[in-house]
Amino acid sequence: MKFISYVFIFFLSGTLNSQTPQKIKFQKNSLLIYFFPKEKADSVISSSKNLFYLVIPDSLKRSIAVYIENGKMIRSSNDSIVQVSYMPGLKYESLYVIKESKDPVDNKLKKEFEFISLINGSSSYTKNKLLIQIVNKKEEKVVIENVYVYKNQ
């Protein structure tokens, strides 16, 4: 009986002196832009799909442009994944434009962003490297700049 009472006092003292777990709160930041490769690589390889995550909040989509030297961004079915294809000697600009379409259910106009890529001239950058710049056009400053090496395998 003494043993059970000692065990009970031991567990009771442990629960009384233990710390309560703290709650961590996350707040969505609408000013962050994410751009990184889906696979862990620092190069663009000819035999792979070269998928990248590009996450831009809707509040910034009108003012963001993506400039690529020796490459082109192609949108995918997922709105946060883009494919980068190697296009030597060309510069491309990708941006979001508002597309209006009619909703078939209630026949109202629906506005949504569409990701498009346009040719922007010829590139004088090194042929085996892709320069990707994400630029805020309102402030005229580079937000993200990455260089990827093209490997032909």
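Values below: all heavy atoms of this structure, side chains included; hydrogens, waters and symmetry mates excluded. Keep in mind the model is a prediction, meaning the values are calculated, not measured. We count residues from 1, following the sequence as given.
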>> If the test is side-chain contact (heavy atoms from CB on, under 4.5 Å), which one of Asn70, Leu90, Leu130 qualifies with Ser123?
In response: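 Among Asn70, Leu90, Leu130, the one meeting side-chain contact (heavy atoms from CB on, under 4.5 Å) with Ser123 is Asn70.
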Is any side-chain heavy atom of [X] closer than 4.5 Å to a side-chain heavy atom of [Y]?
| X | Y | result |
| --- | --- | --- |
| Arg62 | Ile98 | yes |
| Pro88 | Tyr150 | no |
| Asn136 | Ile64 | yes |
| Leu118 | Tyr92 | no |
| Ile134 | Leu54 | yes |

> What distance separates Lys127 NZ from Glu69 CD, expressed to the nearest 0.5 Å?
Replying inline: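 Spacing of NZ (Lys127) from CD (Glu69) equals 10.5 Å.
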> If you round to the nearest 0.5 Å, how far is CE of Met73 from CG of Asn50?
Replying inline: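 That separation rounds to 11.0 Å.
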Nearest heavy-atom pair of [X] and [Y]: which atoms, and what distance?
| X | Y | answer |
| --- | --- | --- |
| Glu93 | Asn120 | OE1-ND2, 3.8 Å |
| Ser101 | Glu112 | OG-OE2, 4.4 Å |
| Asp58 | Lys61 | OD1-NZ, 3.2 Å |

>> Any side-chain to backbone donor/acceptor pair from Ser80 onto Val55? Under 3.5 Å, distance only.
In response: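 Side chain of Ser80 to backbone of Val55: no pair is present.
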>> Test of understanding: with salt bridge (charged side-chain N to carboxylate O under 4.0 Å, His left out), list the residues that count as partners of Lys111, not counting sequence neighbours.
In response: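 Result, salt bridge (charged side-chain N to carboxylate O under 4.0 Å, His left out) vs Lys111: Glu100.
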>> For a side-chain contact (heavy atoms from CB on, under 4.5 Å) check, start with the C-alpha distance between Tyr86 and Lys151, then their side-chain angles and the critical distance, and finish with the verdict.
In response: CA-CA 10 Å; Tyr86 180 66; Lys151 292 182 182 176; over 6 Å; no
> Considering residues, nucleotides and ligands other than Lys110, do more than 12 of their heavy atoms fall under 6.0 Å from its NZ?
Replying inline: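 Not buried by this count: 12 neighbours or fewer within 6.0 Å.
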> Once the angle between the rings of Phe36 and Tyr53 is folded into 0 to 90°, is it parallel (under 30°), tilted (30 to 60°) or perpendicular (over 60°)?
Replying inline: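 Because their plane-to-plane angle lies in the 30° to 60° range, the rings of Phe36 and Tyr53 count as tilted.
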>> I'd like to know whether Gln133 forms a side-chain contact (heavy atoms from CB on, under 4.5 Å) with Ile144, so could you lay out the CA-CA distance, the side-chain angles of the two residues, the decisive distance to 0.1 Å, and finally the verdict.
In response: CA-CA 6 Å; Gln133 293 179 327; Ile144 298 173; over 6 Å; no
> Who pairs with Tyr96 by ring-ring contact (aromatic ring centres under 6.0 Å, His included), at least two apart in sequence or on another chain?
Replying inline: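 Checked Tyr96 against ring-ring contact (aromatic ring centres under 6.0 Å, His included); matches are Phe115.
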